[in-house]
*Asks:* 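To start, I am sharing the structure in question, which I have written as structure tokens.
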Amino acid sequence: MVSISVPAQPRSAESMAFSVVLDLIEGIGRVPTGRTVEVRLGEGDRDAALDIVSAWCASSGNEIVSIEGLTVTVLHGRSPDSLAGLDPGQLPGSRVWVYTNFDCNLACDYCCVRSSPKAERRAIGVDRLKQIAGEAAAAGVGELILTGGEPFLLNDIDVLVNSCTEKLPTTLLTNGMLFRGARLERLRRMDRSRVILQISVDSATPAVHDSHRGSGSWAKAIAGIRIAHEEGFRVKVAATLPADQMHELEPFHDFLDTIGIAREDQVIRALAHRGVADSGIELTVDSLIPEVTITADGVYWHPVAADHDDQFVTRDIFPLADAIAEITRRFVAHRRAADSIAEWFPCA
Ligand code: SF4
């Protein structure tokens, strides 16, 4: 990346923008397509100057990829090709995941984020979640997905969920085992028209599920699905299967049909080699389409690795739009790098 600084002397927006555009023309000319140039605006009317720089980028076929304070990063060329082929729902920021907490009443032997009763809570908290929901809605995010840990361990889970559903449709992941007493009352205070519950069930009979999640957990999860249905909630089921059992799907789908889970709400995924799992498919930033994921510790590339440094993106959750832009920028860079390798190898 080429970095250019414009002297911070007072001048009109037009003068500043003209100077920055000249520097951009020079900088872009020095880097190949796909590389970025960084320019720093001087003091003055920043917004008006940015308008002029944006207009120049639009007319010249280049693209602003980030704006941080007075620093503007411009891509030589445009990035849409790098996002081509993705469904709209796969574009970074189309939905945002939030880890409400990391402690859990279970200690599954393949938990991707190492949750357990002993795990530190690391709660996101109502204030941060309200801000996330508000900024997500403003940024065009279509859905929030809350996960943990086990969210129903939180005494304010109803408040957390309602702060999300006020802004966006929300899916709440749970093991479904805690719907009784005060926790059932909290479930009842959630907006059934805006919340989908996603409950984990790994097999059609207790043996496999309980072998990974603990004795008696299958029966409690199935009971949780029944309670959620009785309370009027739409329920999805998410199953984690070892890669060598992915061929045995049809009997499992048939079982989920019998307990009232619609086919489009049956999510079956392979085991990931993350967290405490000792096997599974390897998922890295190079192989994963990102899904913006927020925890109390910052922003991560994907929910499956929200406890792993290799997928940590930034400590700055806010502004959320900047976090989404940063993940998009990195994703585009990864795809461009992969493309350039793919073009280069056949010639070697
Ligand atoms: S996989 Fe889910 S239910 Fe199991 S320990 Fe992790 S967070 Fe808890």
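Along the sequence shown, the residues carry numbers beginning at 1. In listed order, ligands and their atoms are each counted from 1.
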*Asks:* Take atom 6 (Fe) of ligand 1 and tell me which protein N, O or S atoms are nearer than 2.8 Å.
*Replies:* Cys111 SG
*Asks:* Leu91, Val313: one ILVMFWY side-chain cluster at the under-4.5 Å cut-off?
*Replies:* yes
*Asks:* Establish, for the pair Arg183 and Phe152, whether the NZ or CZ atom is under 6.0 angstrom from the six-membered ring centre and no further than 45 degrees off its axis.
*Replies:* no
*Asks:* Measure from the ring center of His308 to the ring center of Trp301 and say whether it is less than 6.0 Å.
*Replies:* no
*Asks:* Return the closest protein heavy atom for atom 2 (Fe) of ligand 1 as residue, atom name and distance.
*Replies:* Arg213 NH1, 4.1 Å
*Asks:* State plainly whether the residues Arg128 and Asp297 are in salt-bridge range, i.e. N to O under 4.0 Å.
*Replies:* no
*Asks:* Distance-only check: which donor-acceptor pairs under 3.5 Å involve side-chain atoms of residues 129-136, not counting sequence neighbours?
*Replies:*
unit_1	atom_1	unit_2	atom_2	d
Gln131	NE2	Glu135	OE2	2.9
Glu135	OE1	Leu320	N	2.7

*Asks:* Can Arg192 and Glu231 be counted as an ion pair, charged N to O under 4.0 angstrom?
*Replies:* yes
